[in-house]
Amino acid sequence: MTYVIIGTSAAGLAGAETLRRLDPKARITLISDESHLPYSRPLLTYLLGRETTREKLFLRSLDYFREWGFETLLGTPVTRVDPGAHEVHLADGRALPYDRLLIASGAKPRLPPIPGLELSGVFTLRHLADVERLERHLAHARRVAVVGAGAVGLKAADALAHRGLAVDLLARGAQPLSKVLDQVSARLLMEAIARLGISLHLNSWPTAVVGNGGRVTAMALNDGRELPTDAVLFSVGVAPRVEFLAGTTLAAPEGIPVDEHLQTGDPDIFAAGDCVLPRHLLTGAPAAFHIWPAAVAQGEVAGANLAGAARRYDGILPMNSISLRGCRIITGGHLTPDTPEGEIFEELDATTGRFKRLVFDQGRLVGATLVGEVRHAGIYFRLIANRTPVKDLPVDPRSPHFHPGRLWARPLPGAA
Ligand SMILES: Cc1cc2nc3c(=O)[nH]c(=O)nc-3n(C[C@H](O)[C@H](O)[C@H](O)COP(=O)(O)OP(=O)(O)OC[C@H]3O[C@@H](n4cnc5c(N)ncnc54)[C@H](O)[C@@H]3O)c2cc1C
């Protein structure tokens, strides 16, 4: 069999390795439009903040591709997929035939439709090349504005402040991550942002980027203010990278629709990672949610199914890990219960700033937020994902005698 995989990141590599294990003789070609070896996207902000080195970013070496028997085309954009002819067309004019195709093309940053985006000093952060461009500009910058206080915007603001830059952070809502965080966690987060010396502007968004001589000098804001700045980093969400599917019926604006086997509308094409629109694990509703572990999990399922395994992907459990210097927050599942019988349990240690918030509904844990002490987040998320009835646990999670660490030792009730 001949397989082609578009993407050499979290989903693409997980897919390729799973496929290789199941089909040792397969011909597998991996394609990326990036010329770098695969690297960790989550570490990009740490590179920007000089908290890690470029070398530590890379996940695989050149030898890796040879050892796994992958043919690899780096720096090679895919321009078109022709499902009828079973061909992937490349920017250099070649057409690669496939029996089965995995699309793991990820996502690209969105930009708001405002004037001034063409100015020098306007950035997004998705690729290693973005950090390299930003680095060159920051050599002459003192002040940077980050637009968007989601997980990536927060990490980027922290990194820039760590470099000694004056950072303005714009949040569109009345608190950062308003769809994800309750008020107490948001307050603890905002206190941490203030301690880092970052100026947080709530209910704020730009109406234009303002420049002089082709370079950014300020941002015009919704409330009429003009915020002086030397650079603007937009972090206002992502859109799936599916341009090369134009003319097919495979793509949709929120992501490639897939079934529970991550199969697209074409039986020979599977998709995984940030480019797909998966289902919410708890509700079954479409949930565009973009995190590295989900991309890996989907890649593994899709890779197995390319080889004919018929493995199911149960859905994504939305999760956010917010990691600033001096503040760790992990949150996952539902923010509030769905039914009136649901209950929210909160425990705040005002001295240490540690906070635990558990959301229960219909006898099960359905959401968890941990601030400060996040070591056992994985246990809470397993209880949520496995839909473990609270009554089956040795100790109720609301009890002071509940120690999540003790559950590691035993298979969780309800685990598959
Ligand atoms: C700055 C930053 C920080 C983040 N931090 C975290 C974090 O802390 N925790 C977390 O869980 N997640 C984090 N994420 C999100 C995480 O990185 C993504 O969910 C993950 O990278 C998705 O993997 P993927 O394989 O689906 O897509 P991507 O990583 O986007 O990779 C897509 C691949 O497809 C290739 N490709 C796309 N289009 C084409 C084309 N036309 N031709 C050829 N190749 C193409 C690309 O070159 C790339 O190899 C962060 C993201 C960013 C940008």
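Numbers here are sequence positions counted from 1. Every number for a ligand or one of its atoms is a count from 1 in the order of the listing.
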Checklist entry - To which protein heavy atom is atom 12 (N) of ligand 1 closest, and what is the distance rounded to 0.1 Å? => result Trp292 N, 3.3 Å
Item to check | Closest non-hydrogen atom pair between Val371 and Gly353, with its separation | outcome: CG1-O, 3.9 Å
Checklist outcome for this item: For Pro293, the ligand 1 atoms with a heavy-atom partner under 4.0 Å come out as 11 (O)
Checklist entry - Going by an N to O cut-off under 4.0 Å, is there a salt bridge joining Arg100 and Asp23? => result no
Checklist outcome for this item: of all protein heavy atoms, closest to atom 18 (C) of ligand 1 is Asp274 OD2, 3.2 Å
Item to check | From the candidates Leu245, Leu48, Thr45, Asp33, the one that places a heavy atom nearest atom 43 (C) of ligand 1 | outcome: Asp33
Checklist entry - What are the atoms of ligand 1, with element, lying closer than 4.0 Å to any heavy atom of Ala107? => result 30 (O)
Next on the checklist: For ligand 1, which is the ligand I care about here, please tell me if Ala10 has any N or O atom under 3.5 Å from one of the ligand's N or O atoms.
Outcome noted: yes
Item to check | Val238 backbone acceptor or donor facing Arg110 side chain under 3.5 Å | outcome: yes
Checklist entry - Per the side-chain hydrogen bond (donor to acceptor under 3.5 Å, both in side chains) rule, which among Thr229, Asp230, Asp168 passes with Arg143? => result Asp168
Checklist entry - Between His334 and Asp361, do the side chains contain an N or O donor and an N or O acceptor separated by less than 3.5 Å? => result no
Checklist outcome for this item: If we number the atoms of ligand 1 from 1 as shown, the ones under 4.0 Å from a heavy atom of Ile291 are 11 (O), 12 (N), 19 (O)
Checklist entry - Which of these, Glu243, Lys155, Met319, has its nearest heavy atom closest to atom 5 (N) of ligand 1? => result Lys155
Item to check | Backbone of Lys356 reached by a side-chain donor or acceptor of Glu347 within 3.5 Å | outcome: no
Item to check | Protein contact of atom 13 (C) of ligand 1 - nearest heavy atom, named by residue and atom, plus distance | outcome: Pro42 CG, 3.7 Å
Item to check | Minimum-distance protein heavy atom relative to atom 27 (O) of ligand 1 | outcome: Gly106 CA, 3.2 Å
Item to check | ligand 1-proximal atoms of Thr76, by part, heavy-atom distance under 4.0 Å | outcome: backbone
Item to check | Polar side-chain atom of Thr248 near backbone of Ala246 as donor-acceptor pair, under 3.5 Å | outcome: no
Checklist entry - Checking side chain to side chain contact (heavy atoms under 4.5 Å, CB included) against Tyr39, which of His127, Arg54, Arg60 comes through? => result His127
Checklist entry - Which atom pair, heavy atoms only, marks the closest approach of Ile256 to Thr264? => result CG2-CG2, 3.7 Å
Next on the checklist: Below the 3.5 angstrom mark, is there an N/O of Ala11, backbone or side chain, next to an N/O of ligand 1?
Outcome noted: yes
Checklist outcome for this item: closest protein heavy atom to atom 17 (O) of ligand 1 is Arg41 CB, 3.3 Å
Checklist outcome for this item: In Asp130, Leu128, Leu134, the residue satisfying side chain to side chain contact (heavy atoms under 4.5 Å, CB included) with Glu132 is Leu128
Item to check | Cys275, portion touching ligand 1 at heavy-atom distance under 4.0 Å | outcome: neither
Item to check | Identity and separation of the nearest protein heavy atom to atom 53 (C) of ligand 1 | outcome: Leu125 O, 3.5 Å
Item to check | Atoms of ligand 1, numbered as shown, that sit under 4.0 Å from any heavy atom of Gly273 | outcome: 26 (O)
Tabulate below the donor-acceptor pairs under 3.5 Å that side-chain atoms of residues 5-16 make, not counting sequence neighbours, or state none.
none

Checklist entry - Between Val152 and ligand 1, which residue portion shows a heavy-atom distance shorter than 4.0 Å: side chain, backbone, both, or neither? => result side chain
Item to check | Atoms of ligand 1, numbered as shown, that sit under 4.0 Å from any heavy atom of Phe244 | outcome: 41 (N)
Checklist entry - Which of the numbered atoms in ligand 1 are below 4.0 angstrom from a heavy atom of Ala104? => result 32 (C), 33 (C), 34 (O)
Item to check | Arg354 side-chain N/O to Gly372 backbone N/O, donor-acceptor pair under 3.5 Å | outcome: no
Item to check | Heavy-atom nearest neighbour in the protein, as seen from atom 38 (N) of ligand 1, with distance rounded to 0.1 Å | outcome: Arg241 CZ, 3.1 Å
Checklist entry - atom 41 (N) of ligand 1: which of Leu74, Val78, Val242, Ile103 has the nearest heavy atom? => result Val78
Checklist entry - What class does the angle between the rings of Tyr64 and Trp68 fall in, given that below 30° is parallel, 30 to 60° is tilted and above 60° is perpendicular? => result tilted
Checklist entry - Is the closest basic N to carboxylate O distance between Arg126 and Asp274 below 4.0 Å? => result yes
Checklist entry - Which residue supplies the protein heavy atom nearest to atom 49 (O) of ligand 1, what is that atom called, and how far is it? => result Thr8 N, 3.2 Å
Next on the checklist: One residue to check: Ala295. Relative to ligand 1, which of side chain, backbone, both or neither has a non-hydrogen atom less than 4.0 Å away?
Outcome noted: side chain
Checklist entry - Strictly under 4.0 Å, does any heavy atom of Ser321 approach an atom of ligand 1? => result no
Item to check | Full working for salt bridge (charged side-chain N to carboxylate O under 4.0 Å, His left out) between Lys155 and Asp158 | outcome: CA-CA 5 Å; Lys155 279 171 56 167; Asp158 183 16; over 6 Å; no
Checklist entry - Considering distance alone, does some N or O of Arg126 sit under 3.5 Å from an N or O of ligand 1? => result yes
